[in-house]
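Below is one structure, written out as structure tokens; the observations come after it.
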Amino acid sequence: MLSEPRSGRLTSWGNALFSGLVSPDDAVLAVVGDDAVHRVEGMPGESAPVGLTLALGRLRALGVTGLRIALPAPGHPLGLSGPPEFNARALETGEAVVGHGAALGLVPRVREAGPEGDVHVEVVWDCLPVREAPPADVPSLGEAERELAEALREATEVLSRLDVAGSGPVAEAAIDAYRARAESGRQVLAPGYPPRAARVLALAQRVGALVSLAGTNGHGGAVSASEMAARGEALRPVERTARRAQVAAYNSVVEERERGVR
């Protein structure tokens, strides 16, 4: 979880667009980011892929009033509501966007081309039917914040107990560098999100980064296969908590609207 999911950007800025807080051009610019281009394939009424600006306008015309993110993993269909075909595609990619107000969802396909250092990235979003039902296992912002505080303590304790190199100052420096890159020149969330959502998302990214670094920053003292497996098993609930919190943050605008908070 060392990079912002594209589905997160689309959810966040799509919600700001649907709420009338940003222009279509600004929303699309933020969603595309450093990618070359984003297109949407399978949009109802279109026989060929269309640009993201047209696709967002068409989704709104079809009744979509908000967007939710899904970040599923094997055994954990986080944010999904079916049908099985959509869930399978989202699980394969690890992320998806689900429309609120119309039964449509989007799953990204990323294509990379070009030499190292000059990679050209194109993203095609497949528009597919979804089931209109509550998304799976999404906590409230308050629940996510409480769970994250505990997860951060657990992650630190686990990594220290297993003598993992990724739990020390090197990991902290790597996390700080990641956060600086991620937040440089952009908002954590688009306009219209409550401050608590931004706080929860930032903490979720930090916890997720710590878990990711533990798996890529050397073996530390866990040199045997059994010890490596124990580390993964111990950190799996922490990683799940971080993903749940990310989903809660990105989806908070739609969830609060449904509860009549805003």
Side-chain angles (χ1 to χ4, degrees), residues 3-73 77-115 118-136 186 190-192 247 250-251 253-254 257-258:
S3 62
E4 181 184 28
R6 290 179 172 86
S7 293
R9 295 203 304 265
L10 180 54
T11 297
S12 174
W13 288 91
N15 282 329
L17 174 63
F18 294 157
S19 298
L21 299 175
V22 297
S23 69
D25 288 345
D26 287 343
V28 170
L29 186 64
V31 173
V32 173
D34 294 331
D35 298 332
V37 66
H38 283 219
R39 296 186 180 88
V40 179
E41 193 169 288
M43 180 65 58
E46 299 290 339
S47 59
V50 299
L52 197 54
T53 302
L54 190 154
L56 287 169
R58 181 62 55 82
L59 286 173
R60 181 155 52 180
L62 290 168
V64 174
T65 58
L67 300 174
R68 290 186 172 108
I69 189 176
L71 295 176
L78 176 61
L80 297 174
S81 57
E85 294 80 6
F86 183 83
N87 287 6
R89 292 284 297 277
L91 181 59
E92 181 180 0
T93 305
E95 59 178 300
V97 174
V98 179
H100 175 68
L104 294 169
L106 301 164
V107 180
R109 284 184 284 128
V110 180
R111 300 170 177 170
E112 296 184 351
D118 188 26
V119 177
H120 178 87
V121 178
E122 294 186 0
V123 179
V124 176
W125 296 87
D126 291 315
C127 185
L128 303 164
V130 298
R131 180 180 298 148
E132 293 186 273
R186 73 164 180 90
V247 171
Y250 282 119
N251 292 1
V253 167
V254 173
R257 187 187 304 149
E258 281 197 322

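Residue numbers count from 1 along this sequence. What you see is a predicted model, and the numbers here were worked out from it, not measured in a lab.
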What is the minimum heavy-atom distance between [X] and [Y], and which atoms define it?
{"X": "Val22", "Y": "Trp13", "answer": "CG1-CZ3, 3.7 Å"}
{"X": "Pro129", "Y": "Phe86", "answer": "O-CB, 3.9 Å"}
{"X": "Arg131", "Y": "Pro84", "answer": "NH2-CD, 3.9 Å"}
{"X": "Gly114", "Y": "Val119", "answer": "O-CG2, 4.3 Å"}
{"X": "Ala102", "Y": "Val64", "answer": "CB-CG2, 3.7 Å"}

- Got more than 12 heavy atoms from elsewhere within 6.0 Å of CZ, Arg109?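 Atom CZ in Arg109 is crowded, with more than 12 foreign heavy atoms closer than 6.0 Å.
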- Task: May I ask you to check whether over 12 heavy atoms, not counting those of Arg39, lie within 6.0 Å of atom CZ?
- Result: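 At most 12 heavy atoms, drawn from other residues, nucleotides or ligands, come within 6.0 Å of this atom.
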- State which residue, out of Leu67, Val97, Thr93, fulfils the side-chain contact (heavy atoms from CB on, under 4.5 Å) condition with Ser7.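 Testing Ser7 for a side-chain contact (heavy atoms from CB on, under 4.5 Å) against Leu67, Val97, Thr93 leaves exactly one candidate, Val97.
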Tell me whether [X] contacts the main-chain N or O of [Y] through its side chain, where contact means a donor paired with an acceptor under 3.5 Å.
{"X": "Asn251", "Y": "Ile69", "value": "yes"}
{"X": "Asp35", "Y": "Val121", "value": "no"}
{"X": "Glu41", "Y": "Cys127", "value": "no"}
{"X": "Arg58", "Y": "Pro44", "value": "yes"}
{"X": "Arg9", "Y": "Val31", "value": "yes"}

